[in-house]
Amino acid sequence: MHRKTIVISLMALFFMASVFAFGGDKTKVKGMITARTGETLIVKSADGNVTVVLTDNTVTKDDKGLFGLEKQHLSSVVLIPGLKVKVDGTSDEQGRVVAKTITTDGDDLETAEMIQAGLNPTAEQVAANMQAIETNRKNVATNQQNIAANQQDIAANKENIATNQQSIAAHQQQIAANMKDIQENTDRFTALSEYDTKGEATVNFNFGSSRVSAKDQEELKKLAQTATGLTGYIIEVMGYADSTGNAAMNTKLSEDRAKAVITYLVQQGNVPVRHIVAPGAMGEYGPAASNETKVGRAENRRVVVKVLVNKGIAGS
């Protein structure tokens, strides 16, 4: 009975030893670190991704020298993505490998560090580039809005330009017509400089009126009698206005005054129309006095009548 008890105890001890022996199976992993989070590494091996757990007892070393016999212990901070490693450890209940030792290659570590050094700035640069792209996108949108507004302004300006060009064309036609009239009047009255003045009268008018007063009618009768007694005479009639009102109105008023004088000369003075030079409507131009005073404006509301004889005829 005693011997049986001893045998059972030995069997129990053997079973427990077996459990402890197989509970932490030794495992080797060889591959490249693809990611690291705290004390956890993801190592890509030929069999797939393996999760490796670092502990305070994990030793990181670099095999150096002939046949890797020289050992250099490293800090776990060198375990960076891109580094090739060999992991010796045991499996835990979650299927992870608890690392006992991790062996690196010095040359590969340098390469990995260079890659890692390039990755971080690149990531930062990508973020900066993305921000710059977003800023540019907003700027493009703003510029497109500005372009659309400018295009509308351009279209409106084109319409205004077209309208202005039409107005300019109309004004140029009017200017050309006015220049023609001015030139004709200039030529006509310049030709009169070859004549001697044999008689002259000035007819004055009330404000806004073209009616010839009784006093001025007598003066015109006398002037007509002087003219009809001459050989080869002509009568020059030029009407004027003061500066009150606009230029167009004053030009029309000066023309009406000149016509009123001509009508009286023809009807009452018996002067043939062929002896009268076409009336000159000078408007407010060529004032005889200042338009700043009432007296001056009264002087400027006038028609000047001259009896002219060609100098050649007068000399003969």
With a 4.5 Å heavy-atom cut-off, do V98 and T55 have their side chains touching?
yes
So CG of L308 and CD1 of I234: to nearest 0.5 Å the spacing works out to 5.0 Å
Minimum heavy-atom separation for V29 and S45, please, with both atom names.
CG1-CB, 4.2 Å
I would like to know whether V303 and V305 meet side-chain contact (heavy atoms from CB on, under 4.5 Å); could you show each step before the answer?
CA-CA 6 Å; V303 170; V305 186; 4.0 Å; yes
Evaluate V304 against K306 for side-chain contact (heavy atoms from CB on, under 4.5 Å), listing each step before the verdict.
CA-CA 7 Å; V304 177; K306 293 182 180 180; 4.1 Å; yes
For S243, all residues meeting side chain to side chain donor-acceptor pair (under 3.5 Å), sequence neighbours excluded:
none
Side-chain contact test, heavy atoms from C-beta onward, threshold under 4.5 Å: evaluate it for T228 versus N270 and give yes or no.
no
Where at least one partner belongs to residues 286-299, residue pairs that pass salt bridge (charged side-chain N to carboxylate O under 4.0 Å, His left out), sequence neighbours excluded
none
Please find the pair of heavy atoms, one from V87 and one from A99, that lie closest to each other, and give the distance.
CG1-CB, 3.9 Å
Minimum-distance pair of heavy atoms, taken over all atoms of N246 and M249:
OD1-N, 2.7 Å
Applied to residues 143-166, the salt bridge (charged side-chain N to carboxylate O under 4.0 Å, His left out) test, sequence neighbours excluded, yields none
In residues 209-216, what donor-acceptor pairs under 3.5 Å come from side-chain atoms, sequence neighbours left out?
| from | atom 1 | to | atom 2 | distance (Å) |
| --- | --- | --- | --- | --- |
| S209 | OG | R211 | N | 3.0 |
| S213 | OG | D216 | N | 3.4 |
| S213 | OG | D216 | OD2 | 3.0 |
| D216 | OD2 | N204 | N | 3.3 |

Can you see which heavy atom on V53 is nearest to which on T58, and at what distance?
O-OG1, 4.3 Å
Pairing residues for Q94 by the side-chain contact (heavy atoms from CB on, under 4.5 Å) criterion, not counting sequence neighbours:
D92, R96
Nearest non-hydrogen partners of S91 and T27, listed with the distance:
OG-OG1, 2.9 Å
Answer with yes or no whether the hydrophobic clustering places V295 together with F207; edges join I, L, V, M, F, W, Y residues whose side-chain heavy atoms lie under 4.5 Å apart.
no
How would you list, by chain and number, every residue that makes a side-chain contact (heavy atoms from CB on, under 4.5 Å) with K100, sequence neighbours excluded?
none
So do F205 and L253 actually touch side chain to side chain, heavy atoms under 4.5 Å?
no
Name all residues meeting the side-chain contact (heavy atoms from CB on, under 4.5 Å) criterion together with A201; count only those two or more places apart in sequence or in a different chain, and write none if there are none.
L223
Measuring from D196:CG to L230:CG, what's the distance to the nearest 0.5 Å?
11.0 Å
Less than 4.5 Å apart, any side-chain heavy atom of I42 and any of T51?
yes
Using the side-chain contact (heavy atoms from CB on, under 4.5 Å) rule, take V203 and L220 through it: C-alpha gap first, then chi angles, then the decisive distance, then the call.
CA-CA 8 Å; V203 180; L220 289 176; 3.9 Å; yes
Got V271 and I276 here, is their nearest side-chain heavy-atom distance under 4.5 Å?
yes
Spacing of I102 atom CD1 and K61 atom NZ [to the nearest 0.5 Å]
10.5 Å
Sorted by chain and residue number, the salt bridge (charged side-chain N to carboxylate O under 4.0 Å, His left out) partners of K28 (sequence neighbours excluded) come out as D88
Is the backbone of G296 close enough, under 3.5 Å, to the side chain of N300 for a donor and an acceptor to pair up by distance?
yes
Just jot down the ring-ring contact (aromatic ring centres under 6.0 Å, His included) partners of Y264, sequence neighbours excluded, or say none.
none
In Å and rounded to the nearest 0.5 Å, what is the NZ to CD distance from K222 to Q217?
13.5 Å
Out of curiosity, M238 CE to T202 OG1, how far, rounded to the nearest 0.5 Å?
12.0 Å
Provide the closest heavy-atom pair for T104 versus T60 in the form atom of the first, atom of the second, distance.
CG2-CG2, 4.4 Å
Distance alone, cut at 3.5 Å: any donor-acceptor contact between the side chains of T251 and S254?
no
Donor on one side chain, acceptor on other, T90 and K26, under 3.5 Å:
no
Does anything in residues 238-266 form a salt bridge (charged side-chain N to carboxylate O under 4.0 Å, His left out)? List the pairs, not counting sequence neighbours.
D242-R301, K252-D256, E255-K259
For residues 225-256, pull every pair meeting ring-ring contact (aromatic ring centres under 6.0 Å, His included), keeping only residues two or more places apart or in separate chains.
Y233-H275
Kindly compute the distance separating CD1 (I168) from CD1 (I161), expressed to the nearest 0.5 Å.
9.5 Å
Heavy-atom side-chain proximity of T40 to L54 below 4.5 angstrom
no
For K44, check side-chain contact (heavy atoms from CB on, under 4.5 Å) against everything at least two apart and list the hits.
T34, N49
Let's go through S290 and T293 carefully: what are the C-alpha distance in whole Å and the side-chain angles of both, what is the deciding distance for side chain to side chain donor-acceptor pair (under 3.5 Å) to 0.1 Å, and is it a yes or a no?
CA-CA 6 Å; S290 173; T293 65; 5.2 Å; no
Taking I33 as the starting point, is it possible to reach V50 by hopping between hydrophobic residues whose side chains are less than 4.5 Å apart?
yes
